[in-house]
Novice: 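This is the structure, below, for whatever I ask next.
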Amino acid sequence: MTTNTIITIGREFGSAGREIGYKVADAFGIKLYDKEMLARAAKESGICEEIFESHDEKPTNSFLYSLVMDTYSMGYSGNTYTDMPINHKVFLAQFDAIKKIANEGPCILVGRCADYALESYSNVVSVFIHADMNARIRRIARIYDVTDAKAKDMIIKTDKKRASYYNYYTNKKWSNADSYELCLNSSELGIEGTAKIIEEYVTLKEKIKKEDRKL
């Protein structure tokens, strides 16, 4: 099975979004980028990778946001990061990396506002994966070997961080259905089922587009 589509995946913590993404990537024979986006951005910008990790999906202050938006809209490239606050550099470098990765061909990009960075691309399907809280608690408690109470606390804090970052840098709302093309509940469909739905959706959409071009 092949695809020409770039798939972006937003996900609640504990919803198995990354694992689902890997299954879809395997099915289509394409790469998945998660933390790899940070490594790519670090390499191309010359900024230490640990700095990207420390700022990963974390919001910043409103003044800096305005500065970032002004600079990004003027078309700064990865080689022009000079005399900027570090959060600014990280934001720009990451968005540049996302676009460069997307320009290389079909792939899966997890988190980091990739859907927003690629909103002008015609071959993108944006997916958001959520799950029932109890299912997420069980998954996180098992993976990290923590109590249910600790797992719930980790989920709440991580989701809050992701929502703040997404809402801050985009004109959309994290986890709202209107912000994505496809929203799925992995606790209802399971990991295999959720991956299968994404695969079928992408395949059907490409088929419809191909047929429309023939008309």
Side-chain angles (χ1 to χ4, degrees), residues 7-26 31-42 47-62 64-65 86-87 90-91 93-95 97-98 108-117 126-170 172-180 182-198:
I7 302 166
T8 67
I9 297 180
R11 72 286 185 223
E12 289 182 332
F13 189 54
S15 66
R18 182 172 56 183
E19 186 174 347
I20 290 164
Y22 274 119
K23 289 190 176 297
V24 177
D26 287 342
K31 288 185 177 181
L32 180 144
Y33 295 86
D34 182 15
K35 293 289 186 181
E36 295 86 352
M37 280 186 268
L38 306 183
R40 178 73 173 266
I47 301 171
C48 178
E49 188 172 345
E50 285 75 14
I51 293 176
F52 281 90
E53 292 177 353
S54 68
H55 290 86
D56 191 22
E57 293 188 296
K58 293 179 182 177
T60 186
N61 64 69
S62 59
L64 180 57
Y65 171 71
I86 192 62
N87 290 51
V90 167
F91 177 85
Q94 193 163 276
F95 264 51
I98 288 170
I108 295 178
L109 299 162
V110 179
R112 291 145 192 110
C113 304
D115 57 312
Y116 180 66
S126 60
V127 180
F128 188 83
I129 298 172
H130 62 104
D132 298 341
M133 179 58 81
N134 287 339
R136 295 161 64 197
I137 289 172
R138 289 194 298 271
R139 178 177 174 81
I140 295 302
R142 183 183 73 252
I143 291 174
Y144 292 95
D145 191 22
V146 295
T147 64
D148 286 357
K150 176 62 177 177
K152 185 174 183 179
D153 182 62
M154 291 170 65
I155 288 168
I156 291 171
K157 288 180 178 178
T158 303
D159 281 355
K160 183 177 180 180
K161 182 186 74 171
R162 289 177 179 174
S164 295
Y165 181 85
Y166 186 89
N167 297 347
Y168 199 77
Y169 286 115
T170 78
K172 303 182 288 185
K173 292 294 183 182
W174 186 81
S175 82
N176 281 15
D178 288 346
S179 299
Y180 310 90
L182 182 65
C183 295
L184 297 168
N185 186 338
S186 62
S187 55
E188 292 291 338
L189 298 170
I191 293 172
E192 294 283 353
T194 304
K196 192 67 176 177
I197 289 295
I198 296 171

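The figures here come from the full heavy-atom set of this structure, side chains too, leaving out hydrogens, waters and symmetry mates.
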Novice: Restricting to ring-ring contact (aromatic ring centres under 6.0 Å, His included), what partner residues turn up for Tyr180, sequence neighbours left out?
Specialist: Phe128, Tyr166
Novice: Once salt bridge (charged side-chain N to carboxylate O under 4.0 Å, His left out) is applied, do any residues pair with Arg162, and if so which ones, sequence neighbours excluded?
Specialist: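 Applying salt bridge (charged side-chain N to carboxylate O under 4.0 Å, His left out) to Arg162 gives Glu57.
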Novice: Please enumerate all residues that pass salt bridge (charged side-chain N to carboxylate O under 4.0 Å, His left out) together with Arg40, with sequence neighbours excluded.
Specialist: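 With neighbours one apart ignored, the set is Glu44, Glu104.
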Novice: Who passes salt bridge (charged side-chain N to carboxylate O under 4.0 Å, His left out) against Glu192, sequence neighbours left out?
Specialist: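 Expected list: Lys23.
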Novice: Hey, mind stepping through Asp178 and Lys173 against side chain to side chain contact (heavy atoms under 4.5 Å, CB included) and telling me if it holds?
Specialist: CA-CA 8 Å; Asp178 288 346; Lys173 292 294 183 182; over 6 Å; no
Novice: So, using side-chain hydrogen bond (donor to acceptor under 3.5 Å, both in side chains) as the criterion, who are the partners of Arg136 when residues are at least two apart?
Specialist: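 Glu12, Asp159.
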Novice: Under the side-chain hydrogen bond (donor to acceptor under 3.5 Å, both in side chains) test, which residues partner Ser187, sequence neighbours left out?
Specialist: Asp132, Asn185
Novice: For residues Ser179 and Trp174, determine if any side-chain heavy atom of one lies less than 4.5 Å from a side-chain heavy atom of the other.
Specialist: no
Novice: Output every pair passing side chain to side chain donor-acceptor pair (under 3.5 Å) with a member in residues 144-155, not counting sequence neighbours, ordered by first then second residue.
Specialist: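 For residues 144-155: Asp153-Lys157.
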Novice: Listed by chain and number, what are the side-chain contact (heavy atoms from CB on, under 4.5 Å) partners of Lys31, not counting sequence neighbours?
Specialist: Tyr33
Novice: Please report the closest heavy-atom contact between Asp115 and Ser126, naming both atoms and the distance.
Specialist: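 Residues Asp115 and Ser126, closest heavy atoms: CB-CB, 3.8 Å.
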Novice: Donor-acceptor check, side chain of Ser54 to backbone of Ile51, threshold 3.5 angstrom: yes or no?
Specialist: yes
Novice: Suppose we screen for salt bridge (charged side-chain N to carboxylate O under 4.0 Å, His left out). Which residues come up paired with Arg18, at least two apart in sequence or across chains?
Specialist: Asp34
Novice: My understanding is that only residues two or more places apart in sequence, or in another chain, count here; which of them pass side-chain contact (heavy atoms from CB on, under 4.5 Å) with Ala151?
Specialist: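 Partners of Ala151 under the side-chain contact (heavy atoms from CB on, under 4.5 Å) test: Ile137, Ile140, Ala141, Val146.
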Novice: I'd like to check the side-chain hydrogen bond (donor to acceptor under 3.5 Å, both in side chains) partners of Glu53; sequence neighbours left out, ordered by chain and number.
Specialist: none
